[in-house]
Amino acid sequence: MEQVKEQFKASLASALPGQDIALERPRSWEHGDLAFPCFRAAKALGVPPPKLAQDLAARMTIDGGELVAAGPYLNLRLQPEARARVLLEALLGPTPFGSAPDHDEAVLVEYSSPNIAKLFTIGHLRSTMIGHALAQVNRYLGCRVQRLNHLGDWGTQFGTLLAAYKRWAEAENPALDQDFPWAEEIPERRRNPLFRLFQLYVRFHQEEEQDPAMRDEARAWFRRLEEGDSEARRLWSWFREISLAEFHRIYARLGVAFDALDGEAFYEDRLAAAVAKLETSGLLEEGEGGARIVRLEDAGIQTPCIVLKADGTSIYATRDLAAALYRQETYAFDRCLYVVGSDQVLHFQQLFAVLNKLDPWFQGRMVHAPFGMVKLPEGKMSTRKGNVVFLEDVLDEAVTRVRAIIEEKNPDLPSKERVAEQLGLGAVVFFDALNDRVKPITFAWDRVIALDGDTGPYVQYAHARICSVLRKAGEAWAQAVRLAAPAGPEVAALTFHLATVPDELPGLDEPAAQSLLFELAGLPDALRNAQREHMATPLARQLLAIAKTFSGFYTQCPILKPDIEAPVRDARLALCAATARALRQGLFLMGIQAPEEM
Ligand code: ARG
């Protein structure tokens, strides 16, 4: 399709010299494959857009297609056979469909970034999986990607943890390997030190409400930590270790990985230099109560950015400033995406404004991709209060439901456990991606782990069904779909060599086949949109559209029936293989596995 696009653009460019040529995708294949909206060019030429569309339709020609004026649009409509050939060749060729060649554009994607000593909640899924998809998509589109995790391993909450540990654990439960007699009983799989740290944290916050003096205790511990007190450091690094072990287990389950896990603590010894830089640039001022601040009114932000508190200690923003300067030096990036919840919009506005003042180099390079928070029906989740939904519970529940369905419908399925895991995770991850990135989500079990309707398993099912058709079609076809399963988090070039697209492509003229081809053709745009809008939603939607039109094709166009002639069968099988490949690749970019049988 890229070639057709280029050809169409080139002939438009010569018909309309000096005009900006931007193409769109019509809403349905009946309108055509590509549309040129005539509004702007018509305005420049002083003619009504429909008139320009008609003139162009009469004047231009494109091989294999016709040009049709539809109101203010000039549509290019390929002939059914040409459409099939163009797409099958692109989809079954050696280059992954819709990918772009490697080029020199460095993109940093910072995502997940959980706080140490807290547990992974359903809220963390958004940053983790949106970020993962953005890293994958940008890499697929040829960018050099670095996946960063800005672990929350520093800050006053460590004072809280240290104080709580000292009060209620050190004497009786120093290794955190026993359940606390004062805490509610915990289920088997939570009997781990990290969960007990979480219980300490919650208890401290509860009691501190009655006894505000405890706050000073926590502050004092954080000060000791900042000053390098050896006991505080030892406990801190142990808390960090316990947490990381848990996080890595969850990342492995989700198939997510990072190139750098430099947490907030990593920037501790870079803070002074960052502050000095602000100082020499004359940006630091004295704020309320003696804090050091940067005023941002001239950038349209009324709240100044606090860089140092009155007592001279650093805060979250200080560490983010140091991190940005470090990344500038280390990665010389073109874009740095922060996939962080929308409750931090102001923080990033301030951060970026300060950086722009400090060095215009940052201008336009820093992007906050905020996402709507996951809320519980009863309100915001809060680790402090202990009312959270743990991600693992959600994943496990989804897998359990899938397992029950498999037991009922397909008890002889090989590798049942693996398939249940892939589908359960597929449901949760796809649900999250399908939700618009920006809107808040109200968590409801039945929606998050739904298996019917517009879900991950629906797309996975379309893929598995195709694999089954191809297996029945014979060994050569089965080989074609046995893609090198992408292992691990890397965007593997899928080695999928369907030798050649058949010379003749009868059997694909039916509307059902044509509309499937049209949706497949939408994949490259969906990838570009995901990249531009910093969210996986366009990709998820396109995969659903492909899976749905495949289902229409499969019902309308018989493939393996005995009365179907060989050339028709082969053309349809080729379309099946192309669809399987597109679905598999697309799901993979989103971090979802596609089983071949289910
Ligand atoms: N750890 C923070 C949190 O859980 C998110 C960090 C976001 N990244 C950043 N560079 N500030 O809220």
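FYI, side chains are in, hydrogens and waters are out, and symmetry mates aren't considered; it's all heavy atoms of this structure. First listed ligand is number 1; within each ligand, the first listed atom is number 1.
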- request: Run the ring-centre check on Y111 versus Y338 and record whether the distance is less than 6.0 Å.
  value: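 Between Y338 and Y111, which both carry aromatic rings, the centre distance is not below 6.0 Å.
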
- prompt: Should the heavy atoms of other residues, nucleotides or ligands under 6.0 Å from CG of D452 be counted, would the total exceed 12?
  reply: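 No, the 6.0 Å shell around CG holds no more than 12 heavy atoms from other groups.
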
Member of L161, D153, L194, I242 meeting the side-chain contact (heavy atoms from CB on, under 4.5 Å) criterion with I116: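 Of the listed residues L161, D153, L194, I242, the side-chain contact (heavy atoms from CB on, under 4.5 Å) partner of I116 is D153.
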
Protein residues having a heavy atom less than 4.0 Å from any atom of ligand 1: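 Within 4.0 Å of ligand 1, protein side: E110, S113, N115, H150, Y316, D320, Y338, V340, Q344, F348.
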
field: By side chain to side chain contact (heavy atoms under 4.5 Å, CB included) - contacts of D102 (at least two apart)
entry: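 By the side chain to side chain contact (heavy atoms under 4.5 Å, CB included) rule, D102 matches no residue at all.
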
Short N-O contact, D396 and R189, less than 4.0 angstrom: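 So D396 pairs with R189 through a salt bridge.
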
message: Quick check: do R327 and L148 have side-chain heavy atoms less than 4.5 Å from each other?
response: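 Of all side-chain heavy-atom pairs linking L148 with R327, at least one is under 4.5 Å.
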
